[in-house]
Amino acid sequence: GRPKLGVLLAVSDFPMVSLGLRAVIDAAPDMYVVAEIEDRETLLQQIERSAVDVVVTECLLQNSCGRMTFQTIEAVRAAKPAVKILALACQSGSEQFSLALRAGADGFLTREAQRADVVNAIRCIANGQTQSLSRCTISSSAPSSPPPSTAARPTSAPRMSSARAA
């Protein structure tokens with residue numbers, strides 16, 4: 001069969017989120033957690049030496065020691081362009097969505113996401129697809145901004161998009 005997807009967790013500011021993500025990912029038959037990373041330097045070293053397909057990172061606007069930030073998304077993108085990046089938002093705002101995509105994230109998932117949403121999002125971006133709500137589609141080009149229907153209206157439904165801004 002196909003090799004399992006290696007997923008690197010970089011959600012150090014939220015230990016319960018990290019534990020939940022690890023349980024969800026390790027329960028999926030086609031993926032596993034490679035490691036949990038607490039800082040940017042360790043993250044960059046880990047993606048160089050491990051079989052990492054997807055990095056799941058928190059999406060924080062403030063920049064402080066040990067936190068994954070938009071600059072870290074850019075650093076991962078520069079260090080290993082083939083690695084896909086799924087940004088997790090603490091808030092359901094279009095500002096984080098837009099900043100994450102501009103920084104180079106392949107996908108964005110809000111805190112309302114359910115187990116199946118997380119697993120589906122990882123599978124979609126790993127396969128070069130985009131996900132809108134709970135549906136995967138082939139991504140042929142990357143828009144420079146999030147679609148107005150996704151960014152303009154707040155919703156309680158999980159949102160995930162993986163069109164990377166150029």
Side-chain angles (χ1 to χ4, degrees), residues 1-60 64-92 96-97 100-101 103-139 155-164:
R2 291 174 42 172
K4 287 186 171 191
L5 292 172
V7 181
L8 188 69
L9 296 179
V11 286
S12 61
D13 282 348
F14 303 100
M16 291 304 295
V17 171
S18 186
L19 285 169
L21 285 170
R22 176 180 277 282
V24 167
I25 292 165
D26 283 344
D30 58 341
M31 57 186 76
Y32 69 101
V33 174
V34 173
E36 293 182 43
I37 301 301
E38 296 184 7
D39 60 69
R40 184 184 353 203
E41 292 73 28
T42 307
L43 170 63
L44 296 175
Q45 292 168 4
Q46 189 75 36
I47 65 170
E48 287 298 326
R49 69 173 185 249
S50 299
V52 176
D53 300 297
V54 177
V55 171
V56 178
T57 182
E58 58 212 3
C59 200
L60 300 171
S64 64
C65 187
R67 287 192 169 171
M68 297 301 301
T69 62
F70 298 107
Q71 293 82 14
T72 301
I73 292 173
E74 292 169 346
V76 169
R77 180 63 53 225
K80 203 156 183 185
V83 170
K84 304 297 184 183
I85 303 166
L86 177 62
L88 301 177
C90 301
Q91 305 165 13
S92 299
Q96 285 187 332
F97 174 83
L101 293 182
D106 297 286
F108 184 86
L109 200 59
T110 62
R111 65 177 176 218
E112 293 91 359
Q114 299 296 310
R115 265 182 240 200
D117 299 318
V118 173
V119 171
N120 194 42
I122 291 169
R123 287 177 183 143
C124 284
I125 67 171
N127 289 322
Q129 296 175 315
T130 184
Q131 180 185 355
S132 176
L133 296 175
S134 60
R135 192 178 62 208
C136 291
T137 56
I138 301 296
S139 178
T155 178
S156 61
R159 277 194 315 239
M160 174 13 194
S161 174
S162 69
R164 189 165 13 126

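In this text, all values refer to a predicted model and were calculated from it rather than measured experimentally.
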Side chains of Ile25 and Leu9: does their closest heavy-atom pair fall under 4.5 Å? yes
When you measure from the side chain of Asp30 to the backbone N and O of Leu5, does any donor-acceptor pair fall under 3.5 Å? no
Does Asp117 use its side chain to pair, donor to acceptor, with the backbone of Gln114 at less than 3.5 Å? yes
At what distance, to the nearest 0.5 angstrom, does OH of Tyr32 lie from CG of Asp53? 7.0 Å
N-O pairing of Asp106 and Arg77 below 4.0 Å: yes
What one should report as the nearest heavy-atom pair of Arg123 and Pro29 is NH2-CD, 4.1 Å
Looking at Glu74 and Ala103, what are the two nearest heavy atoms and their distance? CG-O, 3.3 Å
If I take atom CD1 from residue Ile37 and atom OG from residue Ser50, how far apart are they, to the nearest 0.5 angstrom? 7.5 Å
For residues Val7 and Leu21, determine if any side-chain heavy atom of one lies less than 4.5 Å from a side-chain heavy atom of the other. no
Which value, rounded to the nearest 0.5 Å, describes the distance between Leu44 atom CG and Arg49 atom CZ? 11.0 Å
Return the minimal non-hydrogen interatomic distance between Asp26 and Val33, and the atom names on each side. OD1-N, 3.0 Å
Which atom pair, heavy atoms only, marks the closest approach of Pro81 to Ala78? CD-O, 4.1 Å
Looking only at heavy atoms, what is the nearest atom pair of Gln46 and Val52, with distance? O-CG2, 4.1 Å
For the backbone of Ile47 and the side chain of Lys80, can you confirm whether one donor and one acceptor N or O come within less than 3.5 Å of each other? yes
Considering all heavy atoms of both residues, which atom of Val34 and which atom of Ala51 are nearest to each other, and what is their separation? CG2-O, 3.7 Å
Dump the intermediate steps for side chain to side chain contact (heavy atoms under 4.5 Å, CB included) on Thr57 and Thr72, then the final yes or no. CA-CA 9 Å; Thr57 182; Thr72 301; 5.7 Å; no
Nearest 0.5 Å, what's the CD1-CG distance between Ile73 and Leu86? 9.5 Å
